[in-house]
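Below is one structure, written out as structure tokens; the observations come after it.
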Amino acid sequence: MFFLLTSFVVVAIPYVIERFGLRVRFGLFALLFWLFVFQFVLIFSIDALLQNFATSMPDLLESMLTTLGGFAFVTIGITPIITLVLAAAYLLFALGQWLFDRDEKDMPTPQRHFTVAIDGPAASGKGTLARRIAEAYGFHHLDTGLTYRAVAKVLMDQNMPLDDEFLAEKAARSVDLTKLDRAVLSAHAVGEAASKVAVMPAVRRALVAMQHSFAERPPGAVLDGRDIGTVVCPDAPVKLYITASPEARARRRYDEIRSNGGGANYEEILEDLTRRDARDMGRTDSPLKPAADAHLLDTTEMDIETAFLSAKTLIDQALAKNTH
Ligand SMILES: Nc1ncnc2c1ncn2[C@@H]1O[C@H](COP(=O)(O)OP(=O)(O)OP(=O)(O)O)[C@@H](O)[C@H]1O
Ligand SMILES: Nc1ccn([C@@H]2O[C@H](COP(=O)(O)O)[C@@H](O)[C@H]2O)c(=O)n1
């Protein structure tokens, strides 16, 4: 009787803990507990049956009951042993999990991605600033203007019209962010063509999807363009809107082309920039405008380093907020 009582306690305790204490239950201890109860009931009911009715029952039934009772009697000792072994294994596993979780909590949490969104009109200096920031913080950089330029270049190379949305969308879907060649795409004419394909919603949808996933690259990404703060990364913790007078921007572009050995006409460049600004600001889908929470930076009278230091102050403040 002492053996049965002890066995009952051994199978009952893990069952009760499993039933009422565990969030994830496999029912293993419940199975062992009810198996034990079943064995117990078999032994005693068969014993009672045999004691009272053995003489009146057929021999075959009597021997079957005797075998069954004997089997239950022999195996009832195994159930608590299995329960004990499993409970010990379970305890060891739980202890290991607890130690592992505790070590994990002590580890610094991996930094999530951080996005700097930079928008502004042509030649305002946003690309130069974006590259400088990316370099200083070890972030990835995407000049989204190049993606629109790549679409325009595909169409131009194949003598296709720039206003066919179906063809332009197909070209947009073929853009590979790892193969954007600034040297090839930076031509003035490609920029002009890019602003034409950029008015088409299907083109924007295709490119924005790529830009959006680029922005999620850890540890951070800097994207510059026209709709980064408003459409591509509306939740970016730092948004900058870089601007400069049209004359200053035309002068910068003129100097840039000349220093690369190209021929340029300042008046023509100013005219092109003004026309491109008007197209980019006036289109229905994702027009160029500062996001409501963007910091404005007018670089007309500001050199590149000063612009970078202003941006750095804002980024450092946002990074400090992010980690506390
Ligand atoms: N603050 C600044 N002062 C003087 N020159 C600058 C300044 N910022 C950028 N530049 C120069 O102006 C030119 C245009 O800059 P950048 O290419 O960065 O402009 P952008 O806004 O990215 O142009 P786009 O929209 O056409 O890509 C470059 O030659 C760059 O060196
Ligand atoms: N996010 C963007 C980026 C660019 N565009 C269009 O592409 C043209 C070329 O851009 P650059 O920055 O390389 O000069 C630009 O004029 C825009 O029309 C855009 O729509 N959205």
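For ligands, and for the atoms within them, numbers begin at 1 and follow the listed sequence.
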Which option wins on minimum heavy-atom distance to atom 13 (O) of ligand 2: R283, K126, R149, H188?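 Ranked by closest heavy atom to atom 13 (O) of ligand 2, first place is R149.
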
From atom 12 (O) of ligand 2, work out which of Q211, R226, M281 has a heavy atom at the shortest distance. R226

Identify, with sequence neighbours excluded, every residue that meets salt bridge (Lys or Arg N to Asp or Glu O under 4.0 Å) alongside R226.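 Per chain and number, R226 pairs via salt bridge (Lys or Arg N to Asp or Glu O under 4.0 Å) with D280.
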
Name all residues meeting the salt bridge (Lys or Arg N to Asp or Glu O under 4.0 Å) criterion together with D176; count only those two or more places apart in sequence or in a different chain, and write none if there are none.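 Here the qualifying residues are K179.
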
Using a 3.5 Å distance criterion without hydrogens, assess whether the side chain of R149 forms a donor-acceptor pair with backbone atoms of L185.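 The answer is yes, because a donor-acceptor pair under 3.5 Å joins these two groups.
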
Distance-only, no hydrogens or angles: does the S213 side chain make a donor-acceptor pair with backbone N or O of A209 under 3.5 Å? yes

Could you find the nearest protein heavy atom to [atom] and give me its residue, atom name and distance?
atom: atom 18 (O) of ligand 2; value: D280 OD1, 2.6 Å
atom: atom 7 (O) of ligand 2; value: Y148 CB, 3.5 Å
atom: atom 14 (O) of ligand 2; value: R276 NH1, 3.0 Å
atom: atom 1 (N) of ligand 2; value: D227 OD1, 2.8 Å

Any pair counted as side-chain hydrogen bond (donor to acceptor under 3.5 Å, both in side chains), so long as it reaches residues 150-163, sequence neighbours left out: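 Non-adjacent pairs meeting side-chain hydrogen bond (donor to acceptor under 3.5 Å, both in side chains): K153-D157.
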
Under 6.0 Å between the ring centres of F33 and F8? yes

Using a 4.0 angstrom limit on heavy atoms, which residues are close to ligand 1? P121, A122, A123, S124, G125, K126, G127, T128, R149, R226, R252, R253, E256, T299, M302, D303, I304

Atom CD of E271: over 12 foreign heavy atoms under 6.0 Å: no

No-hydrogen, no-angle side-chain donor-acceptor test under 3.5 Å, D255 and Y266: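 Distance-only check fails for D255 and Y266.
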
